[in-house]
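The analysis underlying the following values was restricted to heavy atoms, covering all of them including side chains, and did not include hydrogens, waters or symmetry mates.
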Amino acid sequence: MRRLIPPLAALLLLTAGCAPPRTGTLGPAPAGPSPTTGAAAAPTGAPAPTPPAPGAPTTAATTGTPTTAAPTGPDGTLTVQLWFARAGKLVPTRRTLPATVATSRLALTELAAGPSPAERAAGLTTLVPAGTEVTRIAGGVATLVPPADLDAGGTATARLRRAQVVWTLTQFPTVQRVAFAPTDTASGRDDYADLLPPIVVTAPAIGDRLASPVTVAGTADVYEATVSVRVLDAAGREIGTAFTTASCGSGCRGTYRLNVRYRHAAAGRGTVEVYEVSARDGSRINLVRVPVDLAAAR
């Protein structure tokens with residue numbers, strides 16, 4: 001006699017999805033939450049729009065300066081994520097600035113201003129010209145009247161430039177898509193997902209001041225979802241290493257987060273490397289280097 005599977009059990013089997021992430025060590029064991037200092041904590045993976053708090057405005061006025069419902073810190077500052085470009089791909093970093101109600105304007109101004117000297121030394125650049133402004137936010141769509149040269153430089157360059165704007169503005173809960181006037185066609189993050197590198201690192205950011213253990217987070221689409229991390233001191237010596245698995249991988253992008261403890265380091269410059277181990281020869285591939293400042297550790 002055939003055994004029937006109860007409907008609830010069948011539903012659970014169909015919705016199980018990817019296996020839960022695993023973590024492990026390749027050296028010193030990771031520990032609890034990272035006491036990161038000198039920078040606000042970054043969101044895990046690519047930040048997705050979230051509903052505003054009860055009573056917060058869900059759309060901005062259609063005239064005047066568009067606003068978004070972005071939270072501010074207790075010290076009156078606002079941390080925004082900026083998406084710059086490197087080697088034809090999108091790369092996130094962040095800024096902590098005095099809070100303002102015109103968060104979309106703040107983000108686009110910082111995006112046009114370009115990377116810091118440390119970010120520029122790490123290869124980051126911006127393609128977004130000054131003068132790119134949001135004219136209205138309504139129904140989850142931010143509408144821009146871009147400068148005349150927004151589409152200059154060829155199709156690939158123009159698309160990467162637009163992707164910078166879309167990925168930066170859609171971090172805010174009131175913006176899910178962006179329309180570039182005069183067209184009414186709005187695009188979202190999924191329209192530019194192919195411009196993400198295999199490994200995206202959202203934490204730490206370039207120039208962050210870190211203490212052990214270091215929290216490393218982001219998204220990845222890598223073989224068997226396995227993401228490896230190591231911490232290097234100023235001399236390039238490996239002082240900490242660990243690995244984890246993203247929530248999805250090998251053909252789909254998932255989020256990852258892990259803590260990496262390091263030892264035997266003097267205070268000073270360091271590097272966090274996030275990479276995939278090649279299944280073919282064991283080499284480090286899709287490597288992302290994040291220059292940081294490390295606190296001393298025994």
Counting N and O atoms only, with roles assigned by atom type, does the side chain of [X] sit under 3.5 Å from a partner on the main chain of [Y], one being a donor and the other an acceptor?
| X | Y | value |
| --- | --- | --- |
| Q176 | P173 | yes |
| T135 | T143 | yes |
| T241 | V229 | yes |
| R261 | S212 | no |
| E276 | V222 | no |

Reference residue S104; test side chain to side chain contact (heavy atoms under 4.5 Å, CB included); the match among V134, V80, V178: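 It is V134; the other options fail the test.
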
Short N-O contact, R161 and D151, less than 4.0 angstrom: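 Result for this pair is no, no salt bridge flagged.
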
CZ (R86) with more than 12 external heavy atoms under 6.0 Å: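 Yes, CZ of R86 has more than 12 neighbouring heavy atoms, counting only those of other groups under 6.0 Å.
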
Residues forming a side chain to side chain donor-acceptor pair (under 3.5 Å) with S283, sequence neighbours excluded: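 Side chain to side chain donor-acceptor pair (under 3.5 Å) list for S283, sorted by chain: D281.
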
Any residue meeting side chain to side chain donor-acceptor pair (under 3.5 Å) with D221, in chain and number order, not counting sequence neighbours: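 Side chain to side chain donor-acceptor pair (under 3.5 Å) list for D221, sorted by chain: empty.
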
Side chain proximity check, T226 to V277, heavy atoms < 4.5 angstrom: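 Of all side-chain heavy-atom pairs linking V277 with T226, none is under 4.5 Å.
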
Non-hydrogen side-chain atoms of T170 and R177 separated by less than 4.5 Å: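 T170 does not reach R177 side chain to side chain.
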
Would a hydrophobic clustering, with Ile, Leu, Val, Met, Phe, Trp and Tyr connected at side-chain separations under 4.5 Å, put [X] with [Y]?
| X | Y | answer |
| --- | --- | --- |
| V272 | I285 | no |
| V166 | V141 | no |
| L232 | V290 | no |

Listed by chain and number, what are the salt bridge (Lys or Arg N to Asp or Glu O under 4.0 Å) partners of [X], not counting sequence neighbours?
| X | answer |
| --- | --- |
| R159 | D194 |
| R253 | none |
| D190 | none |

Report, one line per pair, each donor and acceptor closer than 3.5 Å where one atom sits in a side chain of residues 108-121; sequence neighbours left out.
| unit_1 | atom_1 | unit_2 | atom_2 | d |
| --- | --- | --- | --- | --- |
| T109 | OG1 | R105 | O | 2.8 |
| S116 | OG | E119 | N | 3.2 |
| S116 | OG | E119 | OE1 | 3.3 |
| E119 | OE1 | R95 | NH1 | 3.4 |
| E119 | OE1 | R95 | NH2 | 2.7 |
| E119 | OE1 | S116 | N | 2.8 |
| E119 | OE2 | T93 | OG1 | 2.7 |
| E119 | OE2 | R95 | NH1 | 2.8 |
| R120 | NH2 | P115 | O | 2.8 |

